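Data first, discussion second: the structure below is written as structure tokens.
Computed from a prediction, not measured in an experiment: that's the story for all the values here. Position 1 is the first residue of the sequence; numbering continues from there.
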Amino acid sequence: MMLSAFLSRIVRVGELTVITPSGRRQRFGPGGAPAVTVRLHHRALYRKLIMNPDLYLGEAYMDGTLTVEEGSLRDLLELCTANGEALDSHPIQRVRRRLGRPLRYLQQYNPLGRSRANVAHHYDLSAELFDLFLDRDRQYSCAYFPDGNESLEQAQEKKKRHIAAKLLLQPDMRVLDIGSGWGGLALHIAESAGARVKGITLSEEQLKVAQQRAVRSGLAERARFELLDYRAEREVYDRIVSVGMFEHVGVSHYGGFFRTLKGLLKPDGVALIHAIGRMEPPGQTNPWLRKYIFPGGYCPALSEVLAAVEKAGLWVTDIEVLRLDYAETLREWARRFAANREQVRAFYDERFCRMWEFYLNMCEMAFRNGPIMVFQIQLTRQRDAVPSHRNYIADWEHALENDANEVA
């Protein structure tokens, strides 16, 4: 059958065993790890998996028409990503990507109304859901594992310190946090540096939590939060930070984003953008991820980002690429999600659990075996707004860590 020919050409690493609806077993690949056995419950999957595996593998797992019989979902996705180059080079997949290229800008067109709807789709889910797998501060972005043996809580704390160090914060500086989430970074900056932070978000659920946290922590006068799109902001700031939001801007809006950022930044100001990107040329968002998890989302190539930065007339004063930190973050999220799966199922249903299992494990493997990474870009309007060398970053981190230890 055509699926057998397709898989024979694709599986070059590991071993995949497929059990057909009639019970027949077929093995593909040279053997070794990762090794996994899946059962296909409907023949209709043959054509779907050949034509668009990026979409239909996830849908089949969600719907239960594909089940993992031996090994785990993580093993299956490790096998898929380990064979990603072979899949991408297949003629059918090359044609599919070429035909989909003209739709890229439409898929990432995010005017204000659509941006709000896209944010609500994911971030306005039950707060209890996120509490079941995130750290205590609800940091929903890549943690930072400089030593490699940090707990998730420690790594997220180090991420906030790392970002704060790059911002060179001083007391009473005015800071804008674009895409402030549940407020953790803004509150950290307000408390550790004595800055005055404004966090803006398009998520009503996140806004409510962030405002409550500011009051409970006694930081409401230094950290305020608003439901506001960055394009509607009119104040000017000493520092601007954005973590995990740029992926939702959309390629056609990059020029406007950086022009807006420049207009909101004081002449001697500093900005930091932390986002997921790709180490390869511009591409498209995985269709399953776009449909079910992050509508309107896209992880850009640095070439796309830097072109927009250059046109806006901003200095790139530092770029750091984190390659495996997000893989470790996602692995821990997936572990915690699995440990609390029954509670998630009580909030939603079995299909939702399968969807999020697929999402967390797929993203981990995209960082381990695929072209995906995290970048932090420091931007200024003036060339001398930050020191010429990077030693100050480690110095600031150590100072912040010592201050935290003294408080503890």
[Y] backbone acceptor or donor facing [X] side chain under 3.5 Å:
{"X": "T329", "Y": "A143", "result": "yes"}
{"X": "T81", "Y": "G370", "result": "no"}
{"X": "H188", "Y": "G184", "result": "no"}
{"X": "N340", "Y": "L132", "result": "yes"}
{"X": "E247", "Y": "I276", "result": "yes"}
{"X": "R222", "Y": "A214", "result": "no"}
{"X": "E364", "Y": "E332", "result": "no"}
{"X": "E328", "Y": "D325", "result": "no"}

Test log, rule side chain to side chain donor-acceptor pair (under 3.5 Å), inputs S126 and E128: CA-CA 5 Å; S126 166; E128 289 82 0; 2.6 Å; yes
Donor-acceptor pair between [X] and [Y] side chains, under 3.5 angstrom:
{"X": "H41", "Y": "T67", "value": "yes"}
{"X": "T380", "Y": "Q378", "value": "no"}
{"X": "S4", "Y": "Q26", "value": "yes"}

Would you call [X] and [Y] a salt bridge, using N to O less than 4.0 angstrom?
{"X": "E205", "Y": "R138", "answer": "no"}
{"X": "K160", "Y": "E157", "answer": "yes"}
{"X": "R161", "Y": "E397", "answer": "no"}
{"X": "E59", "Y": "K291", "answer": "yes"}
{"X": "E320", "Y": "R390", "answer": "yes"}
{"X": "K198", "Y": "E233", "answer": "yes"}
{"X": "D349", "Y": "R351", "answer": "no"}

For Y326, the option from Y140, W333, F375, Y144 that meets ring-ring contact (aromatic ring centres under 6.0 Å, His included): W333
Residue that, paired with W288, satisfies ring-ring contact (aromatic ring centres under 6.0 Å, His included) out of F358, Y359, F294: F358
Nearest 0.5 Å, what's the [atom1]-[atom2] distance between [X] and [Y]?
{"X": "Q154", "Y": "S151", "atom1": "CD", "atom2": "OG", "answer": "3.5 Å"}
{"X": "M362", "Y": "C80", "atom1": "CE", "atom2": "SG", "answer": "10.5 Å"}
{"X": "Q284", "Y": "C299", "atom1": "CD", "atom2": "SG", "answer": "13.0 Å"}
{"X": "C353", "Y": "Q343", "atom1": "SG", "atom2": "CD", "answer": "10.5 Å"}

Verdict with supporting geometry, L40 and I19, side chain to side chain contact (heavy atoms under 4.5 Å, CB included): CA-CA 6 Å; L40 306 183; I19 305 174; over 6 Å; no
Audit row: T201, S203, side chain to side chain donor-acceptor pair (under 3.5 Å) steps and yes/no: CA-CA 6 Å; T201 178; S203 167; 4.8 Å; no
Residues E70, T37; criterion side chain to side chain donor-acceptor pair (under 3.5 Å); working and verdict: CA-CA 5 Å; E70 298 170 8; T37 299; 3.0 Å; yes
Chi angles and distances behind the side chain to side chain contact (heavy atoms under 4.5 Å, CB included) call for I240, I273: CA-CA 8 Å; I240 299 176; I273 307 299; 5.7 Å; no
Where G181 and A210 come nearest, the two heavy atoms and their spacing: O-CB, 4.1 Å
Plane angle bin for F246 and F258 - parallel if under 30°, tilted between 30 and 60°, otherwise perpendicular: tilted
Over 12 non-hydrogen atoms of neighbours within 6.0 angstrom of CZ in R323: no
E191, CD: over 12 other non-hydrogen atoms inside 6.0 angstrom: no
Verdict with supporting geometry, R341 and E357, salt bridge (Lys or Arg N to Asp or Glu O under 4.0 Å): CA-CA 9 Å; R341 193 180 192 279; E357 286 169 342; 2.3 Å; yes
Test log, rule ring-ring contact (aromatic ring centres under 6.0 Å, His included), inputs Y392 and W396: CA-CA 6 Å; Y392 71 92; W396 276 66; 7.6 Å; no
Residue pair I377, V316: steps toward the side chain to side chain contact (heavy atoms under 4.5 Å, CB included) verdict: CA-CA 7 Å; I377 301 182; V316 177; 4.1 Å; yes
Partner of I189 under side chain to side chain contact (heavy atoms under 4.5 Å, CB included), chosen from I163, L167, D177: L167
Result of checking R336, K159, K158 against E153 for salt bridge (charged side-chain N to carboxylate O under 4.0 Å, His left out): R336
Audit row: Y298, R278, side chain to side chain contact (heavy atoms under 4.5 Å, CB included) steps and yes/no: CA-CA 10 Å; Y298 172 64; R278 63 184 69 223; 3.4 Å; yes
